[in-house]
Amino acid sequence: MKLFIALFFVSCTCLKAQTLNWEDIRGEWICKEAVPSGEKIPAQELKGIEILKKAFINSRFVFKSDSIFNLQFPKGSHTILNDLKFLNGKKWYFYPQAQMVSIGPYKENIMQIYFKKEKDTTFFFIYEMPLALRMEKL
């Protein structure tokens with residue numbers, strides 16, 4: 001499965017993805033799997049990427065109707081994710097042309113999450129993080 005996902009992103013230029021709208025994004029999402037996004041990861045960063053992969057599994061991304069964002073981590077998650085808790089309660093803005101949500105004050109882009117949907121599978125890509133998060137909407 002992981003090999004399939006990696007190949008999927010390497011060949012994404014050949015595939016036509018479905019676009020998402022505000023209503024599609026709004027709601028609660030849970031991370032079911034985290035895999036490298038196809039970028040070459042330097043050997044010295046592999047251990048950190050493994051920690052991030054495990055830490056994101058079962059985390060919840062909540063895009064509320066009032067445009068407030070919350071990120072919830074399961075109990076026992078690696079403390080590295082505590083640095084992201086400052087995003088809770090921040091506004092989220094959807095940019096449909098880019099298939100991206102910006103978290104934080106308008107046009108400040110504290111965090112950018114890009115979306116890719118292919119058939120029934122939705123992936124989140126956090127800008128400057130070499131992971132693809134396979135998400136399920138609850």
Side-chain angles (χ1 to χ4, degrees):
M1 177 70 175
K2 290 180 182 180
L3 177 61
F4 169 76
I5 292 171
L7 290 173
F8 169 78
F9 290 107
V10 170
S11 64
C12 68
T13 57
C14 300
L15 302 173
K16 181 173 172 89
Q18 300 167 352
T19 58
L20 299 172
N21 61 39
W22 190 88
E23 284 294 324
D24 295 327
I25 303 297
R26 185 181 59 80
E28 187 170 343
W29 296 80
I30 188 167
C31 180
K32 300 307 260 179
E33 184 177 19
V35 296
S37 62
E39 299 174 17
K40 183 161 175 68
I41 300 169
Q44 67 270 20
E45 294 179 16
L46 287 176
K47 185 176 179 181
I49 295 300
E50 285 301 314
I51 291 170
L52 279 175
K53 282 172 48 176
K54 290 176 185 172
F56 270 109
I57 301 298
N58 293 318
S59 61
R60 294 173 188 251
F61 291 65
V62 183
F63 300 93
K64 295 182 180 179
S65 296
D66 61 359
S67 296
I68 297 298
F69 175 77
N70 284 308
L71 185 55
Q72 303 165 350
F73 303 109
K75 291 185 183 206
S77 292
H78 195 282
T79 57
I80 195 167
L81 294 181
N82 287 337
D83 291 342
L84 297 177
K85 287 184 178 180
F86 79 96
L87 295 167
N88 289 336
K90 302 283 191 238
K91 287 264 196 194
W92 65 277
Y93 301 90
F94 179 57
Y95 297 89
Q97 298 82 3
Q99 289 292 283
M100 184 264 290
V101 161
S102 171
I103 310 294
Y106 186 65
K107 294 193 177 185
E108 229 177 87
N109 296 331
I110 294 172
M111 176 186 271
Q112 296 173 348
I113 303 170
Y114 291 86
F115 304 94
K116 183 160 181 83
K117 182 171 183 169
E118 191 65 40
K119 296 187 182 180
D120 294 328
T121 305
T122 303
F123 293 93
F124 287 12
F125 299 90
I126 300 172
Y127 182 68
E128 294 187 348
M129 185 178 296
L131 291 176
L133 306 178
R134 184 175 60 84
M135 305 296 287
E136 259 180 37
K137 192 167 187 182
L138 300 178

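Heavy atoms only: backbone and side chains are in, while hydrogens, waters and symmetry mates are out.
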- Item | hydrophobic_cluster_shared for Y93 and M100, side chain cutoff 4.5 Å | yes

- Rounded to the nearest 0.5 Å, how far does CD1 of I103 lie from CG of L84? 11.0 Å

- Message: Can you tell me if Y95 has over 12 outside heavy atoms packed within less than 6.0 Å of its OH?
- Response: yes

- Any donor and acceptor pair, going by atom type alone, linking the side chain of N70 with main-chain N or O of F61 inside 3.5 Å? no

- Query: Can you tell me how far the CG atom of L138 sits from the CD atom of E28, to the nearest 0.5 Å?
  - Reply: 5.0 Å

- Going by the angle between their ring planes, with limits at 30° and 60°, are F125 and F123 parallel, tilted or perpendicular? tilted

- Message: Looking only at side-chain N and O atoms, does Q112 offer a donor or acceptor that is under 3.5 Å from a partner on Y114?
- Response: yes

- Message: Under the criterion side-chain contact (heavy atoms from CB on, under 4.5 Å), I'd like the reasoning laid out for I49 against L131: C-alpha separation, chi angles, the key distance, then a yes or no.
- Response: CA-CA 8 Å; I49 295 300; L131 291 176; 3.8 Å; yes

- Message: Please find the pair of heavy atoms, one from I110 and one from P105, that lie closest to each other, and give the distance.
- Response: CD1-CD, 3.6 Å

- Task: Taking atom CG of D120 as the centre, report whether more than 12 heavy atoms of other residues, nucleotides or ligands fall under 6.0 Å from it.
- Result: no

- Stepwise, does the side-chain contact (heavy atoms from CB on, under 4.5 Å) test hold for K32 with I30? CA-CA 6 Å; K32 300 307 260 179; I30 188 167; 3.8 Å; yes

- Result for ring-ring contact (aromatic ring centres under 6.0 Å, His included) between F69 and one of W29, F63, F94 points to F63

- Applying salt bridge (Lys or Arg N to Asp or Glu O under 4.0 Å), name anything that partners E23, two or more places apart in sequence or on another chain. R26

- Between K137 and D24, which heavy-atom pair has the shortest distance, and what is it? NZ-O, 2.8 Å

- How about Q99 and K117: do any of their side-chain heavy atoms sit closer than 4.5 Å? no

- Note on the structure: Here the pair of heavy atoms bringing W92 nearest to K64 is NE1-O, 3.0 Å

- Message: Determine whether a donor-acceptor pair (N or O, by modelled atom type, separation under 3.5 Å) exists between the side chain of N88 and the backbone of L71.
- Response: yes

- Calculate, to the nearest 0.5 Å, the distance between atoms CD and CZ belonging to E33 and R134 respectively. 5.0 Å

- Query: Do you know the tightest heavy-atom contact between K53 and A34?
  - Reply: CE-O, 3.4 Å

- Query: Any side-chain heavy-atom pair from F115 and M135 closer than 4.5 angstrom?
  - Reply: no

- Message: Are the side chains of C31 and S59 in contact, using a 4.5 Å heavy-atom criterion?
- Response: yes

- Task: Give the intermediate values and the outcome of side-chain contact (heavy atoms from CB on, under 4.5 Å) for residues T122 and L20.
- Result: CA-CA 10 Å; T122 303; L20 299 172; 4.2 Å; yes

- Item | Point-to-point distance, once rounded to the nearest 0.5 Å, from CG of L52 to CD1 of I57 | 11.0 Å

